[in-house]
S.K.: 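Below: one structure in structure tokens.
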Amino acid sequence: MTTNNTPYQTLPDHMQPAYVDRILKPLESKISELLDEFCPANQGTDRLNDVKRLVVNYVVLQILTQTFDPNLCVTPRPKDLAHAEAWLENYCHDSSIHLGGEPPQITGLAGHGKEFYSTLTHILADIVPALNSQALSSRYYGFVTGGVHPVAQAADNVVTALDQNVQVHMPQTHSISTVVEHHALSMLRSLLGLDGFEGKTFTTGATASNIMGLACGREAVIAARLPPGSEGGVGEMGILGACMAAGVREVQVLTSKGHSSLYKAASVVGLGRAAVKDLGLPDRPWALDLKAVERELKREGVASIIVVSAGEVNTGQFGTTGEDMKVLRQLADRYKAWIHVDGAFGIFARALPKDARYAKLRERTAGLELADSIAADGHKLLNVPYDCGIFFSSKPEFTSQVFQNPNAAYLAPVGSTSGSGTNTEIPGPLHIGLENSRRFRALPVYALLLHLGRENMGKMFARMVDLARRIAAFIRESDKYDLLPDGTTDDIVECTHIIVLFKAKDPKLNEVLVEKINETRRMFVSPTKWKGENAVRLAVGSWKVDVEEDLAAVSSVLNSL
């Protein structure tokens, strides 16, 4: 243990620098002994040092997984946050800010740097205790956040170690990464029942996928109005030139309770945040008002993109049913509109087991296969590491029109045949997505789907839904809390997916309810508003869910307030 005049006194024993040093420092000699036995001497010093660091990285990972007790500490202690901030200031800026003892004798970035193991000790002792345990605890219910399944974590370590840039499809001479991505997306497409969606790529997240959806929609709805013989669309002519040629004075986005990223996407693609129009029903604001949608579609000189919220961000409720989607498809075809689905987390309800318990969710996710494009997040319910988003399109010609990367002779062509000799055409990812430089996000997804298979993926999603429903039922029966949205039918629990929205009956408690819950550090929730009042949004998303244990923990916390 360290003495009382150092900031390390607040750290748990296994995070003390001396303890960490005892683990890390002997590694080099032990690894060297092993390498002398199993590796040829002619491997070279640099190569041996690389192997040593790989082994150390593995040990560090094991230490990290023991940093938190997910049953007790979902979030860090305030003093650990303050400690980390102070020492970061010291190391980075040669600042005098510190919590006790002498500040490190360094000169910041201008100095000579720190030794490898000392750097790791700083990260483990100073920074790690100030990070939350969203990937380690099943009780991190803030935002909509998944964990990291062990097989996805292992695959992601490979991604980091080999650091592929998945931009061009050259499987015969360069890398198999694009083929892995093709199959990972195909498996995911099959899991979600979207077999007609030939356009597919990975993105940084659902925000990027929503940008892609609006960009493709913008391209399609304007192209549909261009006079015969026109060459190119928005991608070639620009939005002003294409709109003038097409006689379009406005492009609007019609949705219900759209996620904030939709407004960002509208800004990024040049439509403007004001182009997003909320057409929710008065009594169910998350549900699209189909009559209002049709009125907007009829406007002369206006092109429309319809965005379906498959999992509204506050309630988790769905914007449409299967019958609604049939009507929307007919309207979109009649008025030359594009249908995009923001399915960041809700789309995964389509992979739930074919069980009567989930009939309401299947009804609300039916018909999404009729859309033109779909956005989803892998780092939410799929439980692969950040950052991982998915974009599907049933009209892939528009992805290449918008995102093609022309005039670069050193890059591979838009499509090429698989190296295995099959006729599978796999487009170069940089021609169908936002990024030219791309992390190998596909490998953790591929590993997870391959490892669990369709049945176990469904069971994983089912555990999340079952816990959310049990929590919703507990809140509905409580004399301290109100289950939201209020005024809904008796089947609100049966319609619950993975989000539970609630508030305290006591207005004073409700003002501080989120803070009181999070202060326990036994679970973490995020704040929101419902009808102008504070509310708690609890989102279940971890593969680690244990329905009975987690329900007991949540009910214990809520009963104690």
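Along the sequence shown, residues carry numbers from 1. Every heavy atom of this structure was used, including side-chain atoms; hydrogens, water molecules and symmetry mates were not.
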S.K.: Do Glu363 and Thr321 get their side chains close enough for a donor-acceptor pair, meaning under 3.5 Å?
M.R.: no

S.K.: Does the side chain of Asp550 pick up a donor-acceptor pair with the side chain of Ser138 at under 3.5 Å?
M.R.: yes

S.K.: Measure across Leu381 and Val540 and return the closest heavy-atom pair with its distance rounded to 0.1 Å.
M.R.: CD2-O, 3.9 Å

S.K.: Verify whether one side chain among Asp387 and His379 offers a donor that lies under 3.5 Å from an acceptor in the other.
M.R.: no

S.K.: Would you call Asp466 and Phe461 a side-chain contact if the rule is heavy atoms closer than 4.5 Å?
M.R.: no

S.K.: If I take atom CD1 from residue Ile339 and atom CD1 from residue Ile306, how far apart are they, to the nearest 0.5 angstrom?
M.R.: 5.0 Å

S.K.: Are any of the side-chain nitrogens in Asp491 or Lys360 under 4.0 Å away from the carboxylate oxygens of its partner?
M.R.: yes

S.K.: For atom NZ of Lys277, decide whether the heavy atoms of other residues, nucleotides or ligands shown that lie under 6.0 angstrom number more than 12.
M.R.: yes

S.K.: With a 4.5 Å heavy-atom cut-off, do Val313 and Lys257 have their side chains touching?
M.R.: no

S.K.: Identify whether the distance between the nearest side-chain nitrogen and carboxylate oxygen of Arg441 and Glu435 falls below 4.0 Å.
M.R.: yes

S.K.: Hey, could you give me the CD1/OG1 distance between Ile390 and Thr201, rounded to the nearest 0.5 Å?
M.R.: 10.5 Å

S.K.: Hey, can you tell me if Phe524 and Phe143 have their rings parallel, tilted or perpendicular (30° and 60° cut-offs)?
M.R.: tilted

S.K.: Show the nearest heavy-atom pair for residues Phe345 and Ile499, with the distance to one decimal.
M.R.: CZ-CD1, 3.6 Å

S.K.: Apply side-chain contact (heavy atoms from CB on, under 4.5 Å) to Thr255 and Leu279, showing your working.
M.R.: CA-CA 6 Å; Thr255 191; Leu279 301 181; over 6 Å; no

S.K.: Within the distance-only criterion (no hydrogens, no angle test), does the side chain of Ser304 pair as donor or acceptor with the backbone N or O of Gln252 below 3.5 angstrom?
M.R.: no

S.K.: Can you find a side-chain donor-acceptor pair between Arg537 and Thr315 that sits under 3.5 Å?
M.R.: no

S.K.: For the side chain of Asp377 and the backbone of Lys380, is there at least one donor-acceptor N/O pair under 3.5 Å apart?
M.R.: no

S.K.: Would you say Arg334's side chain and Arg329's backbone share a donor-acceptor pair under 3.5 angstrom?
M.R.: no

S.K.: How long is the straight-line distance from CE of Met187 back to CG of Leu448, given to the nearest 0.5 Å?
M.R.: 9.0 Å

S.K.: Do Lys395 and Glu219 make a side-chain contact, defined as non-hydrogen atoms from C-beta onward lying under 4.5 Å apart?
M.R.: no

S.K.: Is the backbone N or O of Ser133 less than 3.5 Å from a side-chain atom of Ser137, with the two atoms forming a donor-acceptor pair by type?
M.R.: no

S.K.: Are Val302 and Val251 close enough, and set up right, to give a side-chain contact (heavy atoms from CB on, under 4.5 Å), and what steps lead you there?
M.R.: CA-CA 6 Å; Val302 178; Val251 180; over 6 Å; no

S.K.: Walk me through whether Ile222 and Cys243 qualify under side-chain contact (heavy atoms from CB on, under 4.5 Å).
M.R.: CA-CA 7 Å; Ile222 294 175; Cys243 282; 3.5 Å; yes

S.K.: Treating Asp80 as the side-chain partner and Pro76 as the backbone partner, does any N or O pair qualify as donor plus acceptor under 3.5 Å?
M.R.: no

S.K.: Just how far is it from atom CD1 of Ile347 to atom CG of Asp342, taken to the nearest 0.5 Å?
M.R.: 10.0 Å

S.K.: State whether the side chain of Arg521 and the backbone N or O of Thr75 hold a donor-acceptor pair below 3.5 Å, judged by distance alone.
M.R.: yes

S.K.: Is Glu494 paired with Arg357 through a side-chain N to carboxylate O contact shorter than 4.0 Å?
M.R.: no

S.K.: Do Asn210 and His340 have side-chain atoms, one donor and one acceptor, less than 3.5 Å apart?
M.R.: yes

S.K.: Using a strict cut-off of less than 4.0 Å between a Lys/Arg side-chain nitrogen and an Asp/Glu carboxylate oxygen, indicate whether Glu323 and Lys326 qualify as a salt bridge.
M.R.: yes

S.K.: Tell me the closest heavy-atom pair linking Asp156 and Pro444, and the distance in Å.
M.R.: OD1-CG, 3.7 Å

S.K.: Between the side chains of Ser309 and Ser256, is a donor N or O closer than 3.5 angstrom to an acceptor N or O?
M.R.: no

S.K.: Is the backbone of Gly316 close enough, under 3.5 Å, to the side chain of Trp286 for a donor and an acceptor to pair up by distance?
M.R.: no

S.K.: Can you give me the closest heavy-atom contact between Leu452 and Met457, atom names plus distance?
M.R.: CD1-SD, 3.5 Å

S.K.: Is a salt bridge present between Lys529 and Glu533, judged by a nitrogen-to-oxygen distance below 4.0 Å?
M.R.: no

S.K.: Would one find more than 12 heavy atoms of other residues, nucleotides or ligands at under 6.0 Å from atom CD of Glu455?
M.R.: no

S.K.: Between Trp338 and Ser373, is a side-chain hydrogen bond (donor to acceptor under 3.5 Å, both in side chains) present by the stated rule, with each step listed?
M.R.: CA-CA 8 Å; Trp338 179 275; Ser373 59; 2.9 Å; yes

S.K.: Looking at Glu548 and Arg470, is there a salt bridge between them, counting it only when a charged N and a carboxylate O are closer than 4.0 Å?
M.R.: yes

S.K.: Under a 4.5 Å cut-off applied to non-hydrogen side-chain atoms, are Glu369 and Met325 in contact?
M.R.: no

S.K.: List the atom of Arg476, the atom of Leu483, and the distance in Å for their closest heavy-atom pair.
M.R.: CB-CD2, 3.9 Å

S.K.: Going through the checks in order, is the side-chain contact (heavy atoms from CB on, under 4.5 Å) test met by Val557 and Val554?
M.R.: CA-CA 5 Å; Val557 168; Val554 171; 5.9 Å; no

S.K.: Are side-chain heavy atoms of Glu312 and Phe318 found at a separation under 4.5 Å?
M.R.: no

S.K.: I'd like to know if the side chain of Arg218 and the backbone of Gly213 have a donor-acceptor N/O pair within less than 3.5 Å.
M.R.: no

S.K.: Measuring from Leu254:CG to Leu290:CG, what's the distance to the nearest 0.5 Å?
M.R.: 11.5 Å

S.K.: Enter the distance from Asp333:CG to Leu328:CG here, rounded to the nearest 0.5 Å.
M.R.: 10.5 Å

S.K.: Val74 versus Arg522: any side-chain heavy-atom pair under 4.5 Å?
M.R.: no

S.K.: Verify side-chain hydrogen bond (donor to acceptor under 3.5 Å, both in side chains) between Tyr481 and Asp506, making sure each step is shown before the conclusion.
M.R.: CA-CA 8 Å; Tyr481 302 102; Asp506 180 350; over 6 Å; no

S.K.: For Lys516, does the NZ atom have more than 12 heavy-atom neighbours from other residues, nucleotides or ligands under 6.0 Å away?
M.R.: no

S.K.: Using a strict threshold of under 4.0 Å (side-chain N to carboxylate O), is an ion pair present between Arg463 and Asp546?
M.R.: no

S.K.: Is any side-chain heavy atom of Glu511 less than 4.5 Å from a side-chain heavy atom of Asn534?
M.R.: yes

S.K.: If you count every heavy atom of other residues, nucleotides or ligands that lies below 6.0 Å from Arg299 atom CZ, does the total exceed 12?
M.R.: yes

S.K.: Determine whether a donor-acceptor pair (N or O, by modelled atom type, separation under 3.5 Å) exists between the side chain of Lys544 and the backbone of Leu136.
M.R.: yes

S.K.: With side-chain hydrogen bond (donor to acceptor under 3.5 Å, both in side chains) as the criterion, how do Thr203 and Ser209 come out once you've worked through the C-alpha distance, each side chain's angles and the decisive distance to 0.1 Å?
M.R.: CA-CA 6 Å; Thr203 68; Ser209 296; 2.9 Å; yes

S.K.: Determine the minimum heavy-atom distance between Ala472 and Thr496, stating which atoms define it.
M.R.: CB-OG1, 4.1 Å

S.K.: Would you check if the side chain of Arg350 reaches a backbone N or O of Leu361 as a donor-acceptor pair within less than 3.5 Å?
M.R.: no

S.K.: Contact between Thr528 and Val536 at the side-chain level, heavy atoms closer than 4.5 Å - yes or no?
M.R.: no

